[in-house]
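So you know, we letter chains A, B, ... as the sequences are listed, proteins then strands, and number each from 1. The model shown is predicted, which means the values in this text are computed figures rather than measured ones. Side chains included, hydrogens not; waters and symmetry mates left out as well; all remaining heavy atoms used.
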Protein chains: 2
Amino acid sequence: MRKIFLFMDTIFNKVDAKGRVSLPSDYRAIVKELSTEIVCYRSLSAPCIEGCLEETLDKLATDIENATDFFSETQDNLTNLIFGDAKRFTFDSTGRIVLTEKLLRHAQISDTAVFVGKGRKFQIWNPENWAKEEARIRAEVMAHRPVLKAAKDEQ
Amino acid sequence: MRKIFLFMDTIFNKVDAKGRVSLPSDYRAIVKELSTEIVCYRSLSAPCIEGCLEETLDKLATDIENATDFFSETQDNLTNLIFGDAKRFTFDSTGRIVLTEKLLRHAQISDTAVFVGKGRKFQIWNPENWAKEEARIRAEVMAHRPVLKAAKDEQ
DNA sequence: TTATTATTTATGGTATATCATGGTATTTTA
DNA sequence: TAAAATACCATGATATACCATAAATAATAA
């Protein structure tokens with residue numbers, strides 16, 4: 001089995017009237033090689049869709065199982081929110097998934113979707129929102145550059 | 001055998017006069033693939049029905065047998081409640097289960113049931129109650145953002 | 001390098017299968 | 001035998017799988 005998998009790059013794909021989008025071919029290759037599936041959900045922190053491998057969520061479910069007992073309410077809220085929102089997406093022979101109305105609305109996506117790699121996860125943005133977000137992140141990282149450097153030096 | 005099984009998504013289905021509801025097809029696929037059954041019981045903490053795979057309850061029974069240290073009186077009482085309340089639900093050729101009066105009353109469900117995925121478990125809600133509950137959870141999770149972040153980072 | 005060809009990928013359209021749901025028949029059991 | 005529970009059938013709506021073409025990328029030869 002593949003040791004390394006990383007969602008990378010930024011890809012612009014068309015979304016048709018039915019919500020169909022081609023999953024970037026690199027992403028598809030990962031899914032195939034690991035014989036798993038993609039899971040998507042509304043990001044809790046931004047107006048975008050978040051995606052990961054099903055096994056990533058499975059790991060989370062197992063962690064929760066082990067960390068708490070069957071009746072625990074500690075993580076109860078979290079599981080409702082995450083798993084209640086998440087949905088499995090399989091792609092057809094041409095490599096497309098069909099995004100739901102709920103997800104598209106949350107990310108304000110109409111005719112174009114931007115896939116942004118995040119390593120173990122990826123995000124799907126509306127092009128304009130992503131442009132703004134990228135600029136914001138760049139600015140913030142630049143502003144915190146010295147802190148980042150200091151943190152590295154400390155190790 | 002399937003590597004991963006997760007109850008996910010939020011699905012609204014009709015409940016007819018006999019208490020019949022379609023089990024979401026994704027849920028049915030899991031039951032079929034693992035050749036097990038669905039078990040439902042009244043949630044101990046909320047006005048909803050809780051469901052899981054029979055083998056999940058079996059695991060719970062085993063865990064309690066083995067974990068003598070944690071065999072507290074309260075846990076013992078809880079298991080009495082769960083196992084005493086739990087009931088197997090098989091679906092017919094069209095994929096429907098028939099919920100009992102007791103369960104429907106507890107969840108205040110009349111004509112529509114909302115299936116909410118929770119990973120290894122799922123819940124069945126009355127639509128209005130679920131809307132309120134979801135809002136409550138969202139608010140609470142946002143307030144405890146740092147905890148969420150820590151939990152997410154662990155995966 | 002540049003031109004040409006071969007492959008893979010993206011995307012529009014359509015046929016097909018699946019699903020949810022109302023209804024009916026059959027079996028169970030009280 | 002009546003009442004209830006269960007299994008089966010029918011249908012419209014929806015989602016899925018498949019086909020065809022265009023675009024883009026990679027590979028090969030000049």
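Candidate nucleotides D/dC8, C/dT21, C/dC19 were compared by shortest atom distance to the side chain of B/R28, and C/dC19 ranks first. For B/N13, the listed nucleotide lying nearest its side chain is C/dA20; candidates were D/dC18, D/dC8, C/dA20. The side chain of A/S22 lies closest to C/dT11 when the candidates are D/dC8, D/dC18, C/dT11. For B/D16, taking side-chain heavy atoms from C-beta onward, the closest of the listed nucleotides C/dA10, C/dG22, C/dG23 is C/dG22.
Between A/R136 and A/E140 a salt bridge is recorded (basic side-chain N to carboxylate O distance below 4.0 Å). The pair A/D76-B/K118 meets the salt-bridge criterion, with a side-chain N (NZ, NE, NH1 or NH2) lying under 4.0 Å from an Asp/Glu carboxylate O. In summary, B/R138 and B/E134 engage in a salt bridge, as defined by a charged side-chain N under 4.0 Å from a carboxylate O.
Between the CD1 atom of A/I97 and the C1' atom of D/dA15 there is a distance of 14 Å, given to the nearest Å. Straight-line distance from the NZ atom of B/K14 to the C1' atom of C/dG23: 15 Å, rounded to whole Å. Atom CG of B/D92 and atom P of C/dT26 are 17 Å apart (whole Å). In this structure, CZ of B/F115 is placed 14 Å from C1' of C/dC19, rounded to the nearest angstrom. One can place CD1 of B/I11 at 19 Å from P of C/dT18, the figure rounded to the nearest angstrom. Atom-to-atom, CG of A/D111 to C1' of C/dT11 comes out at 13 Å; the value is rounded to the nearest Å. Straight-line distance from the CZ atom of A/F12 to the P atom of C/dT11: 12 Å, rounded to whole Å. We find that CG of A/D26 is positioned 17 Å from P of D/dA24, with the value rounded to whole Å.
Taking only side-chain nitrogens and oxygens, A/S25 comes nearer than 4.0 Å to OP1 or OP2 of C/dT9. Note on A/R96: every side-chain N or O is 4.0 Å or more away from OP1 and OP2 of D/dC19.
Between the base of C/dT24 and the side chain of B/K18 there is a donor-acceptor pair shorter than 3.5 Å.
Comparing A/T94 and A/K87 by the nucleotide of DNA chain D whose heavy atom lies nearest to each, the residue mapping closer to the 5' end is A/K87. Ranked by how close their nearest DNA chain C nucleotide is to the 5' end, A/R20 and A/L23 are led by A/L23.
Between B/F7 and A/F83, the distance separating the two ring centers is not shorter than 6.0 angstrom.
Using cut-offs of 30° and 60° on the angle between ring planes, the pair B/W130 and B/W125 is tilted.
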